[in-house]
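Presented below is the structure to which this report refers.
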Amino acid sequence: MSDSLWGYQPTAGHTAGADLTGYKVEATDGSIGKVDKHSDDVGSAHLVVDTGVWIFGKHVLLPAGTVQRVDHEERKIYVALTKDQIKDSPEFDKDKHVGDAGYHDQIGTYYQGHRGI
């Protein structure tokens with residue numbers, strides 16, 4: 001099931017190609033920020049979330065498999081993680097993100113441990 005971490009769940013309501021930039025991101029226990037960037041790439045779909053002042057401007061990479069539901073009407077994305085799980089996640093590294101399989105593995109390992117995947 002680990003392959004599903006980098007792809008949207010069929011029940012999430014995400015349509016490939018839909019622009020999610022600016023959508024609010026909701027953890028299981030409250031709002032965590034807004035989508036700064038996203039990708040629908042097969043095997044690497046993800047959100048880059050700007051947490052703003054909540055954790056001092058940290059950007060985090062959320063694999064698409066953490067998305068429970070996309071509400072296009074309210075422009076919100078609900079993820080299956082708590083605020084603390086996101087706060088403690090590895091920080092998004094734009095330089096390592098592209099073409100660094102080890103970085104993807106590090107991110108994947110962190111989220112798999114918190115989702116039971």
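The model shown is predicted, which means the values in this text are computed figures rather than measured ones.
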Where the side chain of D40 meets the backbone of G17, is there a donor-acceptor pair that is under 3.5 Å apart?
-> yes

Can you name the nearest heavy-atom pair linking S39 to S44, along with the distance?
-> OG-O, 4.2 Å

Considering only heavy atoms from C-beta outward, does the side chain of Q85 approach that of Y110 to under 4.5 Å?
-> yes

Distance (rounded to the nearest 0.5 Å) between K37 NZ and D50 CG = 10.5 Å

Side-chain contact test, heavy atoms from C-beta onward, threshold under 4.5 Å: evaluate it for L47 versus Y23 and give yes or no.
-> no

So, does K58 use its side chain to make a donor-acceptor pair with the main chain of K87 at under 3.5 Å?
-> yes

If we only count heavy atoms from C-beta on, is the V79 to I86 side-chain gap below 4.5 Å?
-> yes

Linked, directly or transitively: V25 and F92 (ILVMFWY side chains, under 4.5 Å) = yes

Value for CD (E26) from CG (D71), rounded to nearest 0.5 Å, stands at 10.0 Å

Value for CH2 (W6) from CG (D41), rounded to nearest 0.5 Å, stands at 11.5 Å

Cut-off 3.5 Å, side chains only: do D19 and T21 have a donor facing an acceptor?
-> yes

Consider only side-chain heavy atoms of I, L, V, M, F, W and Y, link residues closer than 4.5 Å, and tell whether Y78 and V70 are in one cluster.
-> no

Is there a side-chain contact between V67 and L62 (heavy atoms, below 4.5 Å)?
-> no

Ignoring hydrogens and angles, tell me if any N or O in the side chain of D29 forms a donor-acceptor pair with the backbone of K83 under 3.5 Å.
-> yes

Is there side-chain contact between H14 and L20, with heavy atoms separated by less than 4.5 Å?
-> yes

Q106 and P90: which non-hydrogen atoms are nearest, and at how many Å?
-> NE2-CB, 4.0 Å

Between Y8 and A45, what is the shortest heavy-atom contact and its length?
-> CE1-CB, 4.0 Å

Backbone of P63 reached by a side-chain donor or acceptor of T66 within 3.5 Å = yes

Atom pair CG (D36) and OG1 (T51), whose distance is rounded to the nearest 0.5 Å = 10.5 Å

Gap between atom CZ of R69 and atom CD of E74 - 0.5 Å precision = 7.5 Å

